[in-house]
Amino acid sequence: MPSSPLAIRIAIIGGGLAGAALLRGLLRHPHLTVDMYESRPTFRDEGPGLSFTSRAQGILTAIDPELEYCLDRAGAVSATTEIRVAAGPHVGREIEINGFGESCKKYVSRQAFLAEMLNHVPPHMMHPGTRIASVTELPSEQGLLLAFADGSTKKYDIVIGADGTHGFTRQLVLGTDESLVKPHSTGFWGLPIRVPLQRAQQLMGTRSLDPSNPRHVCWIGDGTTIIYDLLDNGNEVQIIVFGKADDTGEEDGLSEPSWAKLFTPDEFREVFSSNSIPVCQGTIDLILSVYTVQVAALCLLEHHPAPTYVAENICLIGDSAHSMLPFQGASISLSIEEALLLSTLLGRLSSKAAIPAALRAFDQLCRPRAEQATRLSAETGLLIAGRAPGIGLNADLLQHHLRHKFEFLLNVDIEAHRTAAVSIMDQLLGVGAAWP
Ligand SMILES: Cc1cc2nc3c(=O)[nH]c(=O)nc-3n(C[C@H](O)[C@H](O)[C@H](O)COP(=O)(O)OP(=O)(O)OC[C@H]3O[C@@H](n4cnc5c(N)ncnc54)[C@H](O)[C@@H]3O)c2cc1C
């Protein structure tokens, strides 16, 4: 079917959570023609589970009312958060955080949620197994030319880089400065595993993993964190353990950061030796029953703050814009905020000439929040790994510093942000604000 003369052609590069959420938002605007490209053969994301606060669930609904039901269809579990100290003089003490009350968050398998999000997207818009090799700007404002790995090409008016931490689109916006383009080591590593409920209960006990009283539990250790919760309607247990190495492993600051941190089983057990909480030791036993020869954890990377997320008609979202430590669940909260704001702004385009204004409005609103989240996630990481200078494993100080850390995400007024984004776009276009 030929597209209408007003149709604006958008390519999303990367079919992870950020790309998929944006696609759902853009689908609601018939004058936008969207293709989403994913290099993997299927839209699979087997990474760690995701958490959605009630505010984040509201943002999903604003992107598309159907998305909130996707959480339930994906087996999301509502759980109460519990944070405790696992080592040191205050072992066992609970740390309370504002806003994390009764069943305040939903925990979901990201693979199941991604599958639900893409379930009703017209198949012709989704292109798995399609790696984008390059993007070139065409002369005379003709748009952008995407080149595929098989040598074929296609023209678009807007390219959205949603290709994650190691994607190539960051370079399209930020140029060749490697310190801006490449992520760097943080010294943190993480190891997520998922196991059936009964198997986890055998080693961790039934009290900690009770489907009738689901809890998201976080144990703050000496340089380590152990987190567990229930997914898949309570049938599965997700465990993520984190550690903080004393150095980042980047000796000269120029070499490529490592992707993995390897331990022998004995070395791994030793990392958690100061944590004698039975459920935590059960968690380590469980991990070592999976990794019997070598334990391979993921090195956690982050980007330096970027001076911009947009070029004339290219825009970065999700981890390609701002990889950060995952400790507040901030990455996904921000990605869905970005999907909502960007789809709102692009949905208002009435001509191709307005594209740069829409993207600049997105940048002005979203980049400062991502920078704040990156900083707070890094601070939170040190706190929940018991490694914050002057605080360590002191429960009173941990309580004091963690209590308000999460509020800027929990309390976001997304409608006010939407109004502000539209007003910035209108100012850049020289028209009076007209929203809603
Ligand atoms: C151990 C660990 C625990 C975490 N826990 C949490 C958590 O609890 N909460 C949270 O919010 N976040 C968490 N995160 C972070 C979260 O995983 C990321 O923020 C999120 O996955 C980023 O989504 P994205 O869509 O931006 O990028 P990605 O999920 O990385 O998706 C990018 C996609 O682009 C594709 N791609 C790349 N290059 C190309 C190309 N050239 N052409 C086509 N496709 C391409 C890739 O195949 C990939 O599918 C955690 C991360 C780790 C490592």
Side-chain angles (χ1 to χ4, degrees), residues 10-14 16 18-19 22 132 134-137 141 144 156-186 248 250 253-257 300-326 328 330-346 354-379 381 408-409 412 417 420-429:
I10 302 175
I12 301 174
I13 301 180
L22 178 66
I132 306 300
S134 68
V135 177
T136 317
E137 197 154 340
E141 298 177 357
L144 298 153
Y156 287 92
D157 301 302
I158 303 172
V159 165
I160 311 290
D163 48 351
T165 306
H166 301 282
F168 79 100
T169 58
R170 201 169 158 88
Q171 194 176 339
L172 301 175
V173 171
L174 298 171
T176 51
D177 181 346
E178 295 236 324
S179 69
L180 281 180
V181 171
K182 295 259 162 87
H184 62 90
S185 294
T186 58
T248 63
E250 280 179 13
L254 296 171
S255 51
E256 287 286 325
L300 301 181
L301 309 179
E302 67 180 7
H303 284 124
H304 287 302
T308 179
Y309 291 165
V310 304
E312 194 74 353
N313 43 5
I314 304 176
C315 177
L316 305 173
I317 61 167
D319 276 17
S320 64
H322 45 65
S323 288
M324 64 184 75
L325 286 168
Q328 288 195 13
S331 315
I332 293 303
S333 298
L334 287 170
S335 296
I336 59 168
E337 281 184 21
E338 290 166 1
L340 176 63
L341 294 181
L342 193 54
S343 56
T344 300
L345 293 164
L346 298 183
I355 293 170
L359 299 189
R360 279 170 57 196
F362 168 82
D363 182 58
Q364 279 190 37
L365 222 83
C366 292
R367 194 161 41 83
R369 281 182 68 71
E371 280 171 16
Q372 189 182 1
T374 306
R375 187 171 48 76
L376 294 180
S377 295
E379 289 172 13
F408 98 108
L409 281 173
V412 59
H417 282 301
V422 167
S423 148
I424 295 170
M425 178 175 166
D426 285 341
Q427 278 170 26
L428 291 169
L429 290 170

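Sequential numbering from 1 along the given sequence is applied to the chain's residues.
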*Check: Thr374 and Glu302 side chains under 4.5 Å, non-hydrogen atoms*: yes
_Just verifying a value: how many Å separate Gln427 CD and Arg360 CZ, rounded to the nearest 0.5 Å?_
11.0 Å
*Lys/Arg-Asp/Glu bridge criterion (N-O < 4.0 Å) met for Glu379, Arg375*: yes
*Heavy-atom pair of closest approach, residues Met324 and Ser377*: SD-OG, 3.8 Å
*Does some side-chain heavy atom of Leu174 sit less than 4.5 Å from a side-chain heavy atom of Thr308?*
yes
*Within-4.5 Å side-chain heavy-atom neighbours: Ile132 and Val135*: yes
_Contact summary for Leu180 and Pro307, nearest pair of heavy atoms_ = CD1-CD, 3.8 Å
*Which atom names give the shortest non-hydrogen contact between His304 and Arg170, and what distance separates them?*
O-NH2, 3.2 Å
_Beyond-backbone contact of Ser335 with Leu22, side-chain heavy atoms, under 4.5 angstrom_ = no
_Quick one: does any side-chain atom of Asp163 pair with a main-chain N or O of Thr169 as donor and acceptor, under 3.5 Å?_
yes
*Nearest heavy-atom neighbours spanning Leu340 and Thr344*: O-OG1, 2.7 Å
*Show your working on side chain to side chain contact (heavy atoms under 4.5 Å, CB included) between Tyr309 and Val173 and close with a plain yes or no.*
CA-CA 7 Å; Tyr309 291 165; Val173 171; 5.8 Å; no
*Taking the side chain as every heavy atom from C-beta outward, state whether Glu338 and Arg369 have any pair of such atoms under 4.5 Å apart.*
no
*Drop me the distance from Thr165's OG1 to Lys182's NZ, to the nearest 0.5 angstrom.*
13.0 Å
*Hey, what do you get for CD1 (Ile12) to CD1 (Ile160), rounding to the nearest 0.5 Å?*
6.5 Å
*Is any side-chain heavy atom of Leu144 closer than 4.5 Å to a side-chain heavy atom of Asp157?*
no
*Yes or no on side chain to side chain contact (heavy atoms under 4.5 Å, CB included) for Ile314 and Glu137, after CA distance, side-chain angles and deciding distance?*
CA-CA 10 Å; Ile314 304 176; Glu137 197 154 340; 5.5 Å; no
*Indicate the atoms forming the closest heavy-atom contact of Leu359 with Cys315, along with that distance.*
CD2-CB, 3.9 Å
_Just checking Arg367: does its CZ atom have more than 12 heavy atoms from other residues, nucleotides or ligands closer to it than 6.0 angstrom?_
yes
*asked:* Can you confirm whether Cys366 sits close enough to Leu341 that some side-chain heavy atom of one is under 4.5 Å from a side-chain heavy atom of the other?
replied: yes
*Check whether any side-chain heavy atom of His303 lies under 4.5 Å from a side-chain heavy atom of His322, and answer yes or no.*
no
*Where Ile317 and Gly19 come nearest, the two heavy atoms and their spacing*: CD1-N, 4.4 Å
*asked:* Can you tell me which residue among Asn313, Ile10, Val310 is in a side-chain contact (heavy atoms from CB on, under 4.5 Å) with Ile355?
replied: Asn313
*Distance from Asp363 atom CG to Leu345 atom CG, nearest 0.5 Å?*
11.5 Å
*asked:* Please identify which of these residues, Leu346, Leu342, Ile424, meets the side-chain contact (heavy atoms from CB on, under 4.5 Å) condition with Phe362.
replied: Leu342
